[in-house]
Amino acid sequence: MKWRKRSMALFAALVLVLTGQAYATIMLKLDLQELTSRADKIFRGTVIFVNEGTMEAGGDELPVVTYRLAVNEMFKGEATAVKGDEAVVEIRMVGSLVHEKVDENGNLKFSPFREVPVLKQGGEYVLFTTPESSIGLSVTVGLGQGAFRVFPVDGTDDQFMAVNEFNNAGLGLNGDGPVEYDKLGAQIRALLGQ
């Protein structure tokens with residue numbers, strides 16, 4: 001009987017320790033039609049500015065990353081600023097550029113915002129973004145589902161592919177994996193009735 005009580009106590013302690021270390025995000029799996037309908041803005045742009053900082057919200061400091069993108073193609077919504085022929089979208093997302101940090105005691109700490117996409121300076125993306133919140137924050141729809149990295153095919157300058165952080169799984173684009181940018185753009189325009 002004592003052995004059983006000790007085993008149960010040990011098991012309960014182990015479960016508490018292990019679950020205290022686990023972080024999980026439950027995310028709704030979205031297809032391209034849902035991404036398109038939920039987005040406030042959909043555009044292809046190149047990241048021209050990245051700034052990591054904080055902002056005060058609810059009496060506490062939140063980590064925030066500000067991205068400024070030069071718009072190459074606007075599918076839905078309006079650019080933040082337009083100067084001549086240049087359109088720019090600025091997005092402030094809660095999160096950090098580094099998802100793992102070592103604290104002063106040498107312990108590895110993970111960001112609670114690991115699922116928020118990190119955009120690279122000079123990188124080209126198709127983003128599906130939410131409307132700004134009352135404090136000016138936005139995020140990509142479906143987190144990594146609504147952030148597509150655009151890259152050239154074999155170093156060409158006229159043929160591009162696009163892939164999101166989930167390898168385009170479940171989007172309804174004829175299977176998983178990178179898709180031709182022209183095909184993705186045509187699908188978005190069709191869903192928007194353009």
Side-chain angles (χ1 to χ4, degrees), residues 25 27 30 32 35-36 38-55 62-102 110-133 136-169 171 173 176-189 192:
T25 299
M27 203 175 336
L30 304 172
L32 190 60
L35 287 173
T36 302
R38 292 172 185 241
D40 180 57
K41 291 180 183 160
I42 305 171
F43 63 96
R44 176 180 176 178
T46 303
V47 178
I48 57 175
F49 174 80
V50 179
N51 183 45
E52 188 172 19
T54 60
M55 69 178 294
L62 284 176
V64 175
V65 180
T66 302
Y67 297 101
R68 190 172 303 131
L69 295 96
V71 176
N72 304 326
E73 187 171 3
M74 199 79 189
F75 294 99
K76 182 179 182 182
E78 302 283 325
T80 306
V82 179
K83 292 181 183 176
D85 290 339
E86 281 192 27
V88 174
V89 170
E90 191 165 289
I91 305 166
R92 289 191 331 165
M93 291 196 263
V94 67
S96 172
L97 295 173
V98 180
H99 293 311
E100 300 174 359
K101 294 181 182 178
V102 178
F110 294 98
S111 168
F113 306 108
R114 289 191 308 270
E115 285 80 12
V116 176
V118 174
L119 310 180
K120 305 282 186 218
Q121 177 93 24
E124 194 169 348
Y125 299 89
V126 173
L127 299 179
F128 294 69
T129 61
T130 63
E132 281 189 6
S133 70
L137 295 175
S138 184
V139 72
T140 50
V141 177
L143 300 173
Q145 295 174 81
F148 293 78
R149 184 175 56 87
V150 177
F151 58 95
V153 175
D154 298 324
T156 64
D157 289 338
D158 60 347
Q159 197 175 14
F160 296 89
M161 302 295 281
V163 65
N164 70 11
E165 292 189 10
F166 295 95
N167 200 33
N168 294 345
L171 290 178
L173 295 171
D176 298 351
V179 64
E180 294 173 12
Y181 172 76
D182 291 340
K183 182 178 180 179
L184 177 64
Q187 291 273 113
I188 294 168
R189 282 189 288 279
L192 292 170

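Under the 4.5 Å side-chain criterion, counting only non-hydrogen atoms from C-beta, Y125 is in contact with K120. Side-chain contact between R149 and E124: absent, with no pair of heavy atoms (C-beta onward) separated by less than 4.5 Å. You'll find the side chain of V47 stays beyond 4.5 Å of the side chain of F49, heavy atoms only. Side-chain contact check for D182 versus F160: every heavy-atom pair is 4.5 Å or farther apart. Residues L137 and V64 form a side-chain contact, since some pair of their non-hydrogen atoms from C-beta on lies under 4.5 Å apart. Side chains of V50 and V65 form a contact here, defined as non-hydrogen atoms less than 4.5 Å apart. With contacts defined as side-chain heavy-atom distances shorter than 4.5 Å, the pair L69/I48 does not qualify. Counting only heavy atoms from C-beta outward, the side chains of F43 and T129 approach each other to under 4.5 Å.
In plain terms, the two heavy atoms of P117 and T140 that are nearest each other are CG-OG1, 3.2 Å. Closest approach of A162 to N168, counting heavy atoms only: O-ND2, 3.1 Å. Taking every heavy atom of both residues into account, V88 and R68 meet most closely at CG1-CG, 3.1 Å. The nearest pair of heavy atoms linking V82 to G84 is CG1-O, 3.7 Å.
Atom CG in L171 sits 8.5 Å away from atom CG in D176 (nearest 0.5 Å). Rounded to the nearest 0.5 angstrom, T46 OG1 and L119 CG are separated by 11.5 Å. Put simply, CZ on R189 and CD1 on I42 are 11.5 Å apart, with the number rounded to the nearest 0.5 Å. Of the inter-residue distances, the one linking L127 atom CG with I91 atom CD1 reads 5.0 Å to the nearest 0.5 angstrom. Within the model, atoms CD of Q145 and CG of L32 stand 11.0 Å from one another, a figure rounded to the nearest 0.5 Å. Remark: F151 CZ to Q159 CD distance equals 11.0 Å, nearest 0.5 Å.
For K41 and E78, the salt-bridge test fails: no basic side-chain N is under 4.0 Å from an acidic carboxylate O.
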Q: Mind running side chain to side chain contact (heavy atoms under 4.5 Å, CB included) on L30 and V141 for me, showing each step along the way?
A: CA-CA 9 Å; L30 304 172; V141 177; 3.7 Å; yes
Q: Check the pair M161 / V179 against side chain to side chain contact (heavy atoms under 4.5 Å, CB included), numbers first and verdict last.
A: CA-CA 5 Å; M161 302 295 281; V179 64; 5.6 Å; no
**Q.** Criterion side chain to side chain contact (heavy atoms under 4.5 Å, CB included) on R92 and E132, from CA distance to verdict
**A.** CA-CA 9 Å; R92 289 191 331 165; E132 281 189 6; over 6 Å; no
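Shown here is E86, whose CD atom has no more than 12 heavy atoms of other residues, nucleotides or ligands within 6.0 Å.
Looking at N167, its side chain never comes within 3.5 Å of a backbone N or O of A169 through a donor-acceptor pair. Of the possible polar contacts, none joining the K76 side chain to the D40 backbone as a donor-acceptor pair under 3.5 Å is found.
Relative to the six-membered ring of F148, R44 misses at least one condition, a distance below 6.0 Å or an angle of at most 45° to the axis. For R38 and F128, the positive end is not near the middle of the six-membered ring at less than 6.0 Å and at most 45° from its axis.
Between S138 and T130, the side chains place a donor N or O and an acceptor N or O closer than 3.5 Å (distance only, hydrogens not considered). In this model, no donor atom of one side chain and acceptor atom of the other lie less than 3.5 Å apart for Q121 and Y67.
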